[in-house]
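Since the structure comes first, as structure tokens, the remarks are kept for the end.
Bear in mind the structure is a predicted one, so any value in this text is a computation, not a measurement. First the proteins, then the strands, lettered A, B, ... as listed; each starts at 1. Worth knowing before you read on, the calculation uses all heavy atoms, side chains too, and leaves out hydrogens, waters and symmetry mates.
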Amino acid sequence: MPKLVPTSRRQFLAVSSLGSAAWLAGAHASAHAPKGARSPAPATTRPYDDVAAKALAASPVPSDAALAVRAVEAAMKAGATYADARLVLMRRERVGVRDDRAQPVRLRERYGLGVRAVAAGGWGFAATQTLSERAVVEAAQRAVQSARVGGTLRDELGQPPVQLASTPVVEGSWVTPHEIDPFDVAPLDKASLLLELSAAVRKVAGVSFCEASFEAVAEDKLLVTSEGSRIHQILFRVAPQLQATAVDRRRGGFSSRAHEAPAMLAGWEYLRDLPLAAKAESIGHDAVRKLHAGRVSPGHKHVILAPSNLWLTIHESIGHPTELDRALGLEADLAGTSYIRPDDAGKLRIGSELVNLFADRTQPGGLATVGWDDEAVAAQRWPIVDEGMFVGWQTTRDQAHFVGENESRGCCYGEGHDGVPFQRMPNLSLQPGPQGYTTEDIINSTEDGVYITGRGSWSIDQQRHNFQFSGQMFWEIKRGRLTRPLRDVAYQANSVEFWRSCDLIGGKGTYRLGGTFGDGKGQPMQSNAVSHGCPPARFMANVIDTTGGEP
Amino acid sequence: MSMGKKEAKRLVDLVLAQASFGDVRVRVTASTRGHLRFGAGCPTTAGDVDGVTVEVTASKDGRTATVTGSRTDEAAVAVLVQRAEGLAGLSPVDPEHMPPLSASKPPKVKAEDGAVKGMSAKVRADLVGRAIRRAEGDRVEVAGLLDHEHHAEAVGNRAGLFVYHARTEVSLSATCRTDDGTGSARGGYVSHALRGLVPEALVSDAATRASASQLPGKRDPGRYPVILTSQAVADLLEFLVHALDARRAGEGRSAFSRPGGGKGAGKGTGTLVGETLFDGRVHLWSDPTDPANPADPFEGEGRAQGKVDWVVDGELRALHASRYWADREKLPDLPTPSSLHMDGGTDELEALIAGFDRGVLISRFWYNRMLDPQRLLVTGLTRDGTFWVEKGKIVEPIRNFRFNDSPLSVLKKVVALGRPQRAGLSRGRVMVVPPLVVSEFELASGSDAV
């Protein structure tokens with residue numbers, strides 16, 4: 001443990017001549033995140049209120065429940081040993097503006113039934129958008145037929161049959177805690193707000209362009225299994241985007257600055273209450289500041305990563321490598337494998353003793369938070385990394401036995417009705433340190449380093465060893481102080497070396513969620529929505545000037 | 001479900017008949033898709049998915065909304081049109097809205113293969129079984145995907161536009177890994193037709209390369225001469241296709257912006273069109289009608305894809321643009337292309353290696369991301385076979401590298417071009433490009449990934 005240089009908060013503020021203190025504090029000033037989103041709290045009972053009851057009552061999906069039951073019956077009759085059917089209604093809305101122009105409002109709706117079956121020891125799946133008894137029975141029969149063909153081939157190749165961990169039979173419903181259904185707010189109102197934001201951004205001298213949007217997703221799904229489970233869930237996810245671009249036409253250069261407010265499992269109230277208007281001008285100033293920012297002096301040094309940057313690094317360097325299917329080689333053809341082997345749990349140290357991570361599908365605001373997963377396993381919280389030691393996998397019912405476990409961790413998800421459900425990432429979060437450090441404390445105790453916020457370019461190899469991430473804003477740190485803004489910075493490291501170098505972690509008050517709708521995996525590729533909570537933390541990495549030092 | 005031209009026309013007309021606005025466009029797609037995955041030498045999941053989308057774009061006085069649904073009965077379609085028109089009424093004015101496209105003459109493209117259209121679970125399992133057995137014989141662990149699709153699409157509007165296209169696509173990808181986990185290679189086939197797919201040959205070739213890549217040695221990062229396979233070239237050129245956007249160039253926020261901008265508007269002023277940017281042998285073009293590699297003949301609004309020269313003799317000739325931008329800047333009406341071809345020579349990869357003095361052979365790239373759009377600087381990693389070549393021979397496999405470099409620089413530094421071929425792992429856009437020898441490429445750091 002390094003010794004912290006004692007400095008007062010006031011002293012820190014005094015050195016921040018560029019108004020960076022306000023920027024520093026404001027960068028994640030989402031005081032309006034859903035209740036509980038800013039603390040890595042253990043699982044609590046779920047709120048179930050009038051709004052949830054109203055959403056469930058208004059859903060058109062339960063009226064087709066008989067078709068899901070029929071599909072499961074047909075699959076079992078055709079010889080399946082297990083079957084489930086999911087009715088999924090996905091609605092997506094995007095309202096966006098560019099500069100002073102509204103873009104066409106986009107509303108996409110997809111509804112259908114997907115049926116999954118195990119037969120002859122193989123998996124089969126079929127999906128249809130035709131919601132008639134005949135169509136769903138045909139789909140069920142096709143799923144069983146393809147399961148049987150696959151199972152027979154498994155057998156011929158000497159491969160074992162699919163083996164499912166048991167799970168309690170449940171009947172239940174769950175709705176994202178929310179105040180306002182984001183689809184109840186008129187696009188015109190959303191666009192008006194965005195146009196105001198864009199105008200405020202573009203008022204800043206030097207800013208040439210602004211792009212802003214609100215995205216909303218409603219996932220309304222009903223699962224029926226041959227074991228007797230029946231679950232209805234409605235999930236709301238929302239995401240803001242605000243980006244300024246400054247162009248220096250004369251010298252031929254430009255730079256962009258994207259706002260860092262995260263996507264959230266929440267209703268419209270989250271977007272409504274974000275302090276976007278208060279931030280708009282500073283986003284514009286940041287874009288110009290980046291255009292004229294200095295070059296980093298490259299080398300092996302400290303990086304202090306704000307939660308708005310670190311969440312994605314967690315996702316790529318710990319989230320994906322702890323997916324069991326990757327470690328088993330099942331994703332080798334596209335996503336890749338893992339630096340962690342199936343028998344490494346409890347044996348492989350992947351971080352310093354300060355590093356603790358929990359997977360948690362109960363985290364308020366977490367994009368992967370649910371009541372149950374897509375094969376009726378209840379949402380849960382479990383350790384992935386304990387004091388630097390890798391201890392737990394992400395699993396589904398057909399994977400648990402590979403690591404000697406009797407129950408699934410509840411990580412099964414299929415995108416829409418027509419994506420084959422498989423293992424997807426839960427919310428996975430770095431726990432705050434007990435010392436209660438602030439971002440300022442960590443900066444103050446750093447001799448030579450870079451402070452990085454926001455999501456930039458990211459890339460990592462197929463076994464998750466070598467990564468390179470950029471960010472939105474970069475500040476040089478010298479002798480415990482932020483000295484000047486930088487541009488074209490990235491940090492490159494080996495995942496395990498990076499996490500083992502973690503020597504300072506922020507306290508509870510600095511914990512924030514980040515997340516994405518676009519966690520891609522599988523063949524054919526599917527998107528998962530997932531969040532990662534974290535405090536700011538300090539690491540050693542190879543800091544590079546991405547232009548190679550060219551002017 | 002498969003949708004023929006007549007059925008597509010009926011559906012488009014059904015939608016348009018519900019419209020009360022004059023400016024309504026509809027795009028319908030219908031697809032039948034199936035797949036079988038395999039991993040660790042074992043078939044895993046399989047799926048059969050039928051899908052229909054009906055996308056209605058309604059516009060009045062510049063207020064526009066697009067609504068997409070998945071049902072085709074008259075009542076559902078009526079609701080969809082009402083919602084699009086209702087939503088448009090609630091939307092702000094888009095000053096860049098263009099009047100409807102009244103005519104479009106996409107080229108005739110034959111892209112349907114009966115064997116792919118009718119593919120069953122049994123045929124899938126047979127192809128995958130052959131792939132897995134070959135891998136067992138070659139003593140490598142195999143993972144991959146067999147995927148097949150029939151896709152039909154039509155676009156129409158109330159100004160008289162109607163275009164239709166149907167295609168099939170089949171692909172097999174297979175990654176072979178050696179037992180010790182130190183060697184890996186990937187093979188891929190993608191085409192509208194099944195007849196060229198031989199799973200044994202694909203796997204055998206990948207297995208041979210996987211074995212050759214076993215126990216890689218370490219080389220320091222640095223700037224090296226490289227040989228890029230067709231697939232590696234395609235991986236980089238995908239970024240170039242996006243960067244050929246006229247508006248971003250004209251607005252000063254692209255690698256193709258002219259420093260200092262230009263005077264006035266029109267004819268792509270402010271862009272680098274007309275400049276020689278690359279080696280004189282570089283010729284980049286698009287053509288959806290190439291019989292061996294058919295591509296989509298129109299894009300989502302119904303705009304035709306034609307034969308276009310983007311770069312000739314190293315000179316940038318054209319950029320693609322939205323209808324609005326093309327109209328405003330008086331540019332040719334060129335949508336983002338559905339195919340990219342690059343001319344080359346007649347040498348196979350082996351001949352390029354034989355003529356190469358010293359440097360790195362790169363099989364493909366992975367996790368490629370834009371680092372700096374101003375320079376079109378891209379980062380990513382080498383994957384599935386990286387080799388050290390000396391005096392015309394592969395000397396040893398070497399571990400993978402992260403690269404930070406630009407396709408612009410690659411096309412400037414071309415030393416030799418091989419025979420163009422379809423990049424078998426590139427889906428979506430048809431890419432037919434040659435392997436290249438490049439004088440210098442930035443391999444920034446090492447990666448232990450296999």
- request: Under the side-chain hydrogen bond (donor to acceptor under 3.5 Å, both in side chains) rule, collect the residues that match up with B:S91, sequence neighbours excluded.
  value: none

task: Pick one of side chain, backbone, both or neither for A:R94, based on which atoms fall under 4.5 Å of a heavy atom in chain B.
output: neither

task: Measure across A:L157 and B:G41 and return the closest heavy-atom pair with its distance rounded to 0.1 Å.
output: CD1-O, 4.1 Å

A:N542 and B:S445 side chains, donor-acceptor separation under 3.5 Å: no

task: Would you mind checking if B:D50 and A:R142 are paired as a salt bridge, meaning a charged N to carboxylate O distance below 4.0 Å?
output: yes

message: If you compare all heavy atoms of B:A125 against all heavy atoms of A:L153, which two are closest, and at what distance to 0.1 Å?
response: O-CD2, 3.5 Å

message: Quick check against the 3.5 Å criterion: does A:Q463 have a side-chain atom that pairs as donor or acceptor with the backbone of B:V450?
response: yes

- request: Against chain B, label A:S256 side chain, backbone, both or neither, depending on which of its atoms sit under 4.5 Å from a heavy atom there.
  value: neither

- prompt: Below 4.5 Å, heavy atoms only, C-beta onward: do A:F125 and B:V49 meet side chain to side chain?
  reply: yes

- line: Highest number of heavy-atom pairs under 4.5 Å with chain B among A:I460, A:V420, A:V247 belongs to A:I460

query: Any sub-3.5 Å donor-acceptor pair from B:D48's side-chain atoms to A:A126's backbone N or O?
result: no

- request: Applying salt bridge (charged side-chain N to carboxylate O under 4.0 Å, His left out), run through A:E109 and B:R71 and close with a yes or a no.
  value: CA-CA 10 Å; A:E109 194 170 296; B:R71 303 182 74 155; over 6 Å; no

- request: For chain B, find which of A:R464, A:E331, A:Q145, A:H417 contributes the most heavy-atom pairs closer than 4.5 angstrom.
  value: A:E331

query: Do any of residues 97-107 of chain A have a heavy atom less than 4.5 Å from a heavy atom of chain B, and if so, which, in residue order?
result: A:R101, A:A102, A:P104, A:V105, A:R106, A:L107

task: Answer whether the closest heavy-atom distance between the side chains of A:Q462 and B:S184 falls below 4.5 Å.
output: no

message: Does B:R369 form a salt bridge (charged side-chain N to carboxylate O under 4.0 Å, His left out) with A:E316? I'd like the steps, not just the answer.
response: CA-CA 14 Å; B:R369 289 291 182 276; A:E316 301 289 10; over 6 Å; no

Which atoms of A:R487 approach chain B - backbone, side chain, both or neither, heavy atom under 4.5 Å: side chain

